[in-house]
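Scroll down for the structure; my scribbles are underneath it.
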Amino acid sequence: MTAHNASDLPRISDRLAKNALRNVSERIIEAILFAAAAVSVLTTIGIVYVLVSESIHFFAQVSIVDFLTDTQWTPLFDDAHFGIMVLVSGTLVSSFVALAVAIPMGTIIAIYLSEFANPKVREIAKPVLELLGGIPTIVFGYFALLIVTPVLQKIFPELPGFSLLSAGLVMGIMIVPYVASLSEDAMRAVPMSLREGAFAMGSTRLYTALHVVVPAAFSGLAASYILGISRAVGETMILAVAAGMQPNLTWNPMEPAATITSYIVQVALGDLPHGSIGYQTIFAAGLTLLLITLCFNILGQWLRRKFRENY
Amino acid sequence: MQPLTTEQIRAVIARGKAKDAIFQAVGILCLAIGLLVIFLLVGDMVIRGAARLNLDFFTQFASRRAAQAGILSAWVGSLLVMLVTACAAVPLGVAAGLYLEEYAKRNLVTEIIEINITNLAAVPSIVYGLLALGIFVYAFGFGQSILTAGLTLALLILPIVIVATREAIRAIPGMIREGSMAVGATRWQTCRYHIIPYAMPGILTGVIIGLARAIGETAPIITIGALTFIAFLPPLPFTETTEGSAGLFEWLMSPFTVMPIQIFNWTSRPDPAFEVNAAAAGFVLMAMVLTMNGLAIWLRYRMRKNIKW
C-alpha cells in the first residue's frame, strides 16, 4: 500500500506542475484579451492626440478669436482668412434640413410600427429600414445630385445645381432608419399596463400613443434624435457630392456651401504637403467637428438622465 | 356640463377612429417613401448604367474616355481592403467582446472601456480618416496603402463587432459555463470550446454588417489621401515587378482605389458621359452592400428560429 502510494506521488506532482502552467497560460490569455479591449481606448486617445497636436500648430499661427469670428474661409489663398463659422453655417443648415425630414418621419414610422402595425408588417418593415440604413453614403450622394436636384429644380427653378437643400433632404432620408429603429425600441419597452390603462379609460390608439407612450419613452426618443444629429453633422459624402464645395457663409438652404466635412474632403483630394498650414487646417476643422458632436452627445446623455422613467 | 347624447358620443368615437385611420395612412406613407427611395435608386442606376453593365466593365481599368473605363482596380482594391479590415477587426473585436463579457470585473477600468466604445460609435467617420492620416500615414509611415485603409476601416467597425459579440455572448445561458467548469475546464477552455462556437452566428452577423458598412465608406479613405486614378493592380505575391520580385505581403503597401472613391470620382466630373459609369459602378456597390446586409438579416432570422437552449 505504502509502496503503491509512493510510486503515485511523482505523477501527482507532475499534474500539479502542469496545472501551474495552465494557470500561467490562462493569465497570458486574459492579458491578451484585455489588450484587445484596450485598443478602443487607444483609438480615442489617438484621435484626441492627433487632432489636438496638429491644432496646436495651427493656433500658433492663427488666433482663436479670428478663427471664431472671421467671416471668410480662404485658407489656401495668399490673403488667407480662417473663419470657421463659414463652414459651421453650412454644416448647421444642412443638418437642420436633414433633421426637419428625419425627426418627423422617423417618429411617425416608429409610432406606427410600435403602436399600430401588426407583427407581420413589422417583421417586413424593420429589415427594409435596415437595408435603407445600409446604403453607402456615396450612393446617396449620387441620388441627391442626379435625381433629387433635377426634381427640385422643376419645383424651384432658381435652385442651383449644387445646394444644401437637396443634400440635406437626402441626408434626412438616410437618417430616418436610425431614428425610427431606436425610437421604436424605446416605445416597445414601455410596459403594456400603461397602454391598457389608457384604453380602459376610453382613449383611442392615437391618443394613447401621443399622450401615454411617447411621454413615457421620451428619454429613448431624445437619444435617437441626438444620434440623428450626430450623423447629420458628421455626414460627408452626400454634401461633398451634392452641396458644392465652395465656402459660403449663408443660412439659406437654397445656396451651395461647404461644410466642415466637405472641406476636409476637398483638401484631402488635393496634394497638400505634410506640415503646411493648409494641412493643419483640416485637423482644426476636425477638432471643431468632434467638439460639436461631443456637445450633442453630452446633451443627449443629460436628456436621457433627466427624462428617464422607471416602471 | 351637459351629459352627451348617444349621437354625440357616437360622433366622438367616430372622430377618434378617423384620426387613428388617418395616422395609420400617414405611417404607411412614410414607410413607403423609404421603400420608394430604395427602388428609385436601384432602378435609376440599372436604367442609366445598363449600357455599361457588362463583363468588360469589370475587367478594364479606369480611363479618361468614359466608354472604355472600367472598375477592375476599384473592385480588387475594395476586396483587398476588406480582407485587411476583416483580419484586423474580427480577432480584435471578438477578443474585446469576450473580455468584457467573460473576464472583466466590474471596476473603473471596465466602465471606462464601455463608455469609450459607446462614444466611438458616435464619432464621425471622417475623424477616423484624420486619425489615420496623422498616425498610420505619417507617424507609422505606412503611406497611402491598402494596409492603412484596411486598418482605418477596422477601427471604424470595431465598435459594431464588439457590440454584436457581446450581445451574442450574453444570450448564452449561464448553465453552459457552469457545466463546462464543473468538469474542470478553465475559463479559456470554456470560452474556446463553448462560448465562441455558440456565439458564432451572432458574431458573424455583426461582422457582415460591419464589413457592409466599411465597403461603402468613402470619407476616411479619401482623407488618408487615396489616389483616384489607378490603372494597375497591386502586385501578386511572388511575381516579378519593376522593383524585383514581390514578397508575400508586398500588396499591402501598394497604392489603391476602392469602389466608393471610383464612384465619387466619376460623379464629380462635369462630363455627363461619366454619369453612366457612376450609375453602373453604384449599382455594383449597392448590389454588394445589399447582399451582405440581406445575408446578415437572414442569418439572424435563422438563428432566432433555430436556437432552443
Side-chain angles (χ1 to χ4, degrees), chain A residues 22 26 29-30 32-34 36-41 43-44 46-47 50-51 54 105 108-109 111-112 116 125 127-132 134-139 141-143 145-147 173 176 204-207 227 230 234 236-237 241 261 264-265 268-269 274 282-283 286 289-290 293 297, chain B residues 16-17 19-20 23-24 26-28 30-31 34-35 37-38 40-41 44 92 95-96 98-100 103 112-113 116-117 119-120 122-127 130-131 134-135 138 155 158-159 186-188 212-213 216 218-219 222-223 225 260 263-264 267-268 275 278 282 285-286 289-290 293 297:
Chain A
R22 199 161 95 149
E26 282 289 308
I29 286 168
E30 182 168 349
I32 292 172
L33 295 180
F34 175 75
V39 166
S40 73
V41 179
T43 310
T44 308
I47 288 174
V50 166
L51 292 182
E54 294 287 347
M105 254 182 88
I108 289 173
I109 289 178
I111 293 176
Y112 172 72
F116 288 85
V128 168
L129 282 177
E130 251 175 90
L131 286 182
L132 184 67
I135 294 176
T137 56
I138 181 72
V139 174
Y142 166 96
F143 182 64
L145 182 68
L146 296 180
I147 302 176
I173 298 279
V176 163
T204 60
R205 266 177 192 268
L206 184 62
Y207 193 89
L227 181 81
S230 301
T236 311
M237 293 322 292
V241 170
T261 51
I264 297 175
V265 164
L269 280 173
H274 176 51
I282 63 175
F283 290 93
L289 180 68
L290 193 67
T293 45
N297 276 333
Chain B
K17 288 206 166 160
K19 276 189 200 157
D20 271 13
F23 184 83
Q24 246 180 316
V26 174
I28 291 171
C30 285
L31 265 176
L35 207 60
V37 167
I38 297 183
L40 211 64
L41 251 178
D44 177 88
L92 269 179
L98 206 56
Y99 177 80
L100 290 173
Y103 286 84
I112 288 174
I113 293 176
N116 190 53
I117 290 170
N119 282 334
L120 273 185
V123 170
S125 64
I126 198 158
V127 171
L130 292 173
L131 165 76
I135 302 270
Y138 290 113
L155 289 183
L158 205 53
T186 61
R187 204 182 272 269
W188 170 245
R213 162 114 195 261
T218 326
I222 289 185
T223 310
I263 298 169
F264 176 60
T267 316
S268 51
E275 282 174 14
L285 182 66
M286 277 279 273
V289 171
L290 291 185
N293 274 316
I297 291 168

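To find a chain, count down the sequence lines: A is the first, B the second, and so on, and within it residues start at 1.
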Between A:E30 and chain B, which part of the residue has a heavy atom less than 4.5 Å away: side chain, backbone, both or neither? both
Taking every heavy-atom pair that is under 4.5 Å apart, which of B:T267, B:I263, B:T186 has the most such pairs with chain A? B:T186
Atom pair OG1/CZ of A:T137 and B:R213 - distance to nearest 0.5 Å: 9.0 Å
Choice from B:V127, B:I135, B:N119, B:I117 maximising heavy atom contacts with chain A below 4.5 Å: B:V127
So what's closer than 4.5 Å to chain B heavy atoms on A:V41: side chain, backbone, both or neither? both
Select one option (side chain, backbone, both, neither) describing which atoms of B:S268 are under 4.5 Å from chain A's heavy atoms. neither
Okay, A:L131 and chain B: the region with an atom under 4.5 Å from a heavy atom over there is both
Which residue out of B:L31, B:V289, B:L98 racks up the most heavy-atom pairs below 4.5 Å with chain A? B:L31
Turns out that what part of B:L130 lies under 4.5 Å from chain A's heavy atoms comes down to both
Please report the closest heavy-atom contact between B:I28 and A:Y112, naming both atoms and the distance. CG1-OH, 3.3 Å
Counting only heavy atoms closer than 4.5 Å, note whether A:T236 contacts chain B via side chain, backbone, both or neither. side chain
Interchain contact, B:I297 with chain A, by part (heavy-atom threshold 4.5 Å): side chain
Counting C-beta onward and ignoring hydrogens, is there a side-chain heavy-atom pair between A:Y142 and B:L285 closer than 4.5 Å? no
By side-chain contact (heavy atoms from CB on, under 4.5 Å), B:L120 pairs with (sequence neighbours left out) A:S40, A:T43, A:T44, A:I47, B:N116, B:V123, B:Y128, B:P159
Top of B:I126, B:N293, B:L92 for chain A proximity - count of heavy-atom pairs under 4.5 angstrom: B:I126
Which atom of B:C30 lies closest to which atom of A:I108, heavy atoms considered: SG-CG2, 4.0 Å
Region of A:L51 in contact with chain B, defined by heavy-atom distances below 4.5 Å: side chain
If we only count heavy atoms from C-beta on, is the B:I222 to A:M237 side-chain gap below 4.5 Å? yes
Name the region of B:V26, side chain, backbone, both or neither, that has any atom closer than 4.5 Å to a heavy atom of chain A. both
Does any heavy atom of chain A fall under 4.5 Å from the side chain of B:I113, the backbone, both, or neither of them? both
Closest heavy-atom pair and its distance - A:G234, B:P124: CA-CB, 3.6 Å
Which heavy atom of A:A36 sits nearest to which heavy atom of B:A95, and what is that distance? CB-CB, 3.5 Å
What option among A:I135, A:I32, A:L227 has the most heavy-atom pairs under 4.5 Å with chain B? A:I135
Whether over 12 other heavy atoms sit under 6.0 Å from B:Y103 OH: yes
With respect to chain B, which residue among A:V241, A:I264, A:T293, A:L290 yields the maximal number of heavy-atom pairs within a distance under 4.5 Å? A:I264
Using a 4.5 Å cut-off on heavy atoms from C-beta on, say whether the side chain of B:D44 contacts that of A:F143. no
At a 4.5 Å cut-off on heavy atoms, which part of A:L289 comes close to chain B: side chain, backbone, both, or neither? side chain
For B:A122, enumerate each residue passing the side-chain contact (heavy atoms from CB on, under 4.5 Å) test, keeping only those at least two apart in sequence or located in another chain. A:N297
Could you tell me which portion of B:R187 (side chain, backbone, both or neither) has an atom closer than 4.5 angstrom to a non-hydrogen atom of chain A? both
Side chain, backbone, both or neither: which part of A:L146 has a heavy atom under 4.5 Å from chain B? both
